[in-house]
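First the structure, in the form of structure tokens, and then the observations on it.
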2 protein chains.
Amino acid sequence: MQNAVNNVSLRIACSNCNLRELCLPVSLCGKEMERLDALTSLKRTFQRGEYLYRSGEGFRALYAIRTGFFKTQALHEDGREQVTGFQMPGEIIGLDAISSDAHTCDAIALEDSEICEIPFDRLEALSRELPGLQRHLHKIMSREIVRDHGIMMLLGSMRAEERLAAFLLNLSQRFSARGYSPNAFLLRMTRQEIGSYLGLKLETVSRTFSHFQEHGLLNVKVREVEIMDMLRLRSFVGSI
Amino acid sequence: MQNAVNNVSLRIACSNCNLRELCLPVSLCGKEMERLDALTSLKRTFQRGEYLYRSGEGFRALYAIRTGFFKTQALHEDGREQVTGFQMPGEIIGLDAISSDAHTCDAIALEDSEICEIPFDRLEALSRELPGLQRHLHKIMSREIVRDHGIMMLLGSMRAEERLAAFLLNLSQRFSARGYSPNAFLLRMTRQEIGSYLGLKLETVSRTFSHFQEHGLLNVKVREVEIMDMLRLRSFVGSI
DNA sequence: CATGGTTTTTGACCTATATCAAACGCATTT
DNA sequence: AAATGCGTTTGATATAGGTCAAAAACCATG
């Protein structure tokens with residue numbers, strides 16, 4: 001909602017960023033990492049509700065999330081919007097804009113967040129020199145394609161309970177990879193946003209949470225989720 | 001279904017391929033195109049029903065479709081399968097495999113087809129030398145991401161009629177870009193495959209075709225489609 | 001700590017699409 | 001020409017999830 005200009009420049013290098021095992025620098029040696037540092041000097045902070053970019057804006061850079069949480073949403077001309085993803089620290093966002101040199105969706109901070117700007121032409125130039133970086137960039141793009149196929153599968157052939165279970169397990173796994181508990185976490189998004197992402201109405205999301213709670217799979221208290229029975233939740237996904 | 005080994009090597013270079021404006025060579029000069037030719041010498045033919053690759057197979061190459069028609073499908077462990085795309089000449093397939101060095105879906109010829117194999121490590125090496133090729137490869141991957149977001153939107157928030165209209169308009173536009181009529185074309189896939197792609201059951205696809213025909217939007221005769229009222233069909237997509 | 005606005009939950013009812021089933025059409029084989 | 005088989009169409013019925021509505025919980029603000 002807001003559009004404040006309280007974006008600060010901070011000096012934190014890839015080489016001592018605690019996300020380097022998840023983010024772009026994967027598999028780079030010290031010397032190479034320094035060169036990546038030189039590209040990614042610009043950090044910016046965003047308050048909850050602020051836009052990182054908007055659909056239609058020119059493409060200049062990819063963004064690595066350092067802290068916080070974002071959502072991306074595509075808008076239909078008729079006003080309908082679809083959440084296409086929720087991004088957390090270490091993930092790269094803006095890849096969709098490469099194809100047309102313009103962003104094709106909005107990226108909005110779901111909580112106060114900090115990003116790291118990666119000018120794309122300089123990233124391309126560096127990746128021509130560093131095969132390891134080049135390969136990793138390709139892997140990141142490919143991973144996004146695989147992720148999208150997973151969501152297509154979810155939207156195309158799963159029932160509401162399976163969708164929500166898959167969503168929660170995915171969040172759990174990503175929190176876990178970042179050193180947080182896989183069993184208890186805070187949802188940063190509304191029921192409406194979860195529903196948009198999963199192709200469900202917010203009431204259905206809410207009801208499905210309640211069902212899971214009734215069956216002892218989860219403890220849900222609005223935004224706080226605790227997974228009580230991970231195995232049974234897993235068996236939900238793809239069990240019919 | 002079959003797994004014949006009637007794959008022939010043919011000598012057709014990118015430089016004289018009539019798909020060069022759609023495929024990888026976009027924006028390469030003569031000298032550069034020759035170098036790409038050197039990579040893509042292996043062409044193979046596939047009969048209807050043959051697999052180009054299968055989920056789980058090791059990743060070595062991308063494939064450019066020269067003639068024919070393919071589908072890609074992802075399989076769920078429980079046997080459910082979801083068609084993730086239909087590919088036609090000039091399109092590049094196999095991008096999902098980069099992330100894990102293994103294919104994550106099956107690619108199956110829907111009619112007798114011919115592909116052009118592009119060994120990925122050599123493509124990466126060449127794209128380190130040719131910035132134009134590098135950028136184009138990135139655009140191709142990004143375009144795939146944007147395409148997938150479109151399908152997510154379709155699956156997540158459109159009704160059956162909108163989905164089918166969007167699907168037909170997309171085919172129409174792609175046939176048109178290849179010099180074929182945008183108004184009349186042959187469907188290469190079954191109702192079941194269309195349904196899987198659109199998140200609908202085959203009966204719903206069939207009924208929706210019938211509705212469109214009743215309303216004078218289409219003439220459908222099994223696999224032959226003629227679009228009678230393109231504008232009204234367009235107004236269907238995203239009209240509520 | 002009262003207020004107003006947003007988000008979530010729950011209930012009652014409705015509809016788009018799924019499911020089940022049968023007939024039909026077209027192509028291939030015998 | 002009959003038989004076989006797959007894909008398609010159409011009808012009758014069922015249901016998962018949508019819609020509408022109201023209450024409850026939560027959050028930010030003065």
Side-chain angles (χ1 to χ4, degrees), chain A residues 1-2 47-49 69 71 80 82-83 108 110-112 154-168 186-215 218-225 236 239-240, chain B residues 1-2 47-49 69 71 80 82-83 108 110-112 154-168 186-215 218-225 236 239-240:
Chain A
M1 318 308 169
Q2 307 102 311
Q47 288 181 8
R48 191 154 92 83
F69 224 90
K71 70 168 175 180
R80 266 182 301 192
Q82 166 96 17
V83 172
I108 302 165
L110 292 180
E111 59 181 32
D112 293 358
L154 180 146
L155 292 171
S157 61
M158 290 188 186
R159 299 175 313 104
E161 288 180 337
E162 300 180 83
R163 293 184 199 193
L164 189 63
F167 170 70
L168 292 171
L186 208 66
L187 298 171
R188 268 72 171 189
M189 66 295 282
T190 65
R191 299 290 187 261
Q192 142 77 30
E193 286 162 338
I194 296 172
S196 169
Y197 182 64
L198 299 179
L200 301 169
K201 293 292 153 179
L202 68 94
E203 295 94 329
T204 305
V205 174
S206 177
R207 275 185 242 272
T208 309
F209 269 122
S210 301
H211 293 165
F212 282 166
Q213 171 134 304
E214 283 158 29
H215 290 78
L218 299 179
N219 264 333
V220 196
K221 212 188 147 209
V222 195
R223 302 285 184 107
E224 290 161 53
V225 171
F236 244 100
S239 69
I240 244 203
Chain B
M1 321 307 171
Q2 307 102 310
Q47 289 181 9
R48 191 155 92 84
F69 224 90
K71 69 168 176 180
R80 267 182 300 191
Q82 165 96 17
V83 173
I108 301 165
L110 291 180
E111 60 182 32
D112 294 357
L154 179 146
L155 292 171
S157 61
M158 290 188 185
R159 299 176 312 104
E161 289 180 336
E162 301 179 82
R163 293 184 199 193
L164 189 63
F167 171 70
L168 292 170
L186 208 67
L187 296 172
R188 269 72 172 187
M189 66 294 282
T190 65
R191 299 289 186 259
Q192 142 76 30
E193 286 163 338
I194 296 172
S196 169
Y197 182 63
L198 298 179
L200 302 170
K201 294 291 153 179
L202 69 94
E203 296 93 330
T204 305
V205 173
S206 176
R207 276 185 240 274
T208 309
F209 269 121
S210 302
H211 293 166
F212 282 166
Q213 170 135 304
E214 283 158 29
H215 290 78
L218 301 179
N219 264 334
V220 196
K221 211 186 149 210
V222 194
R223 301 285 184 108
E224 289 161 53
V225 171
F236 243 100
S239 68
I240 246 212

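All figures in this text were calculated on a predicted structure; none of them were measured in a lab. Naming convention: chains lettered A, B, ... in sequence-line order (proteins, then strands); numbering from 1 in each chain.
B:Arg223 comes within contact range of the sugar-phosphate backbone alone, with a heavy-atom separation under 4.0 Å but no base atom that close.
OP1 or OP2 of D:dT10 sits under 4.0 Å from a side-chain N or O of B:Ser210.
Here the side chain of B:Lys221 is nearest to one of C:dT9, C:dC26, D:dT8, namely C:dC26. Minimum atom distance to the side chain of B:Thr190 is reached by D:dG7, of the listed C:dT17, D:dG7, C:dT9.
Contact of A:Arg207 with D:dG18 (side chain to base): no donor-acceptor pair of N or O atoms is detected under 3.5 Å. With hydrogens and angles left out, the side chain of B:Arg159 and the base of D:dG18 share no donor-acceptor pair within 3.5 Å.
Remark: C1' of C:dA16 and CD of B:Glu161 are 10 Å apart, rounded to the nearest angstrom. Here the C1' atom of nucleotide C:dT8 and the CG atom of A:Leu218 are 16 Å apart, to the nearest Å. The distance between atom CZ of B:Arg191 and atom C1' of C:dA18, rounded to the nearest whole Å, is 18 Å. In this structure, the CD atom of B:Glu162 is 14 Å from the C1' atom of C:dT17, given to the nearest Å. Computed from coordinates, the A:Glu224 CD to C:dT7 C1' distance equals 15 Å when rounded to whole Å. In this entry the distance linking CE of B:Met189 with P of D:dC6 reads 21 Å, nearest Å. Taking atom CG on A:Leu164 and atom P on D:dA16, their separation rounds to 17 Å, with Å as the unit. As a whole-Å value, the separation of A:Arg188 CZ from C:dT7 P is 17 Å.
With hydrogens and angles disregarded, no donor-acceptor distance shorter than 3.5 Å links the side chain of A:Asp112 to the backbone of A:Gln47. In this structure a side-chain-to-backbone donor-acceptor pair under 3.5 Å is present from B:Arg191 to B:Val222. In this structure, the side chain of A:Arg223 does not engage the main chain of A:Leu186 through any donor-acceptor pair within 3.5 Å. One N or O on the side chain of A:Thr208 and one on the backbone of A:Thr204 form a donor-acceptor pair closer than 3.5 Å. Checked by atom type and distance alone, the side chain of A:Arg188 never pairs as donor or acceptor with a backbone atom of A:Leu110 at under 3.5 Å.
With rounding to the nearest 0.5 Å, the separation of CZ in B:Arg207 from CG in B:Leu202 is 9.5 Å. To the nearest 0.5 angstrom, B:Tyr197 atom OH is 12.0 Å from B:Leu164 atom CG.
Sorted by residue number, the members of residues 193-204 of chain A with any non-hydrogen atom under 4.0 Å from DNA chain D read A:Gly199, A:Leu200, A:Lys201, A:Glu203, A:Thr204.
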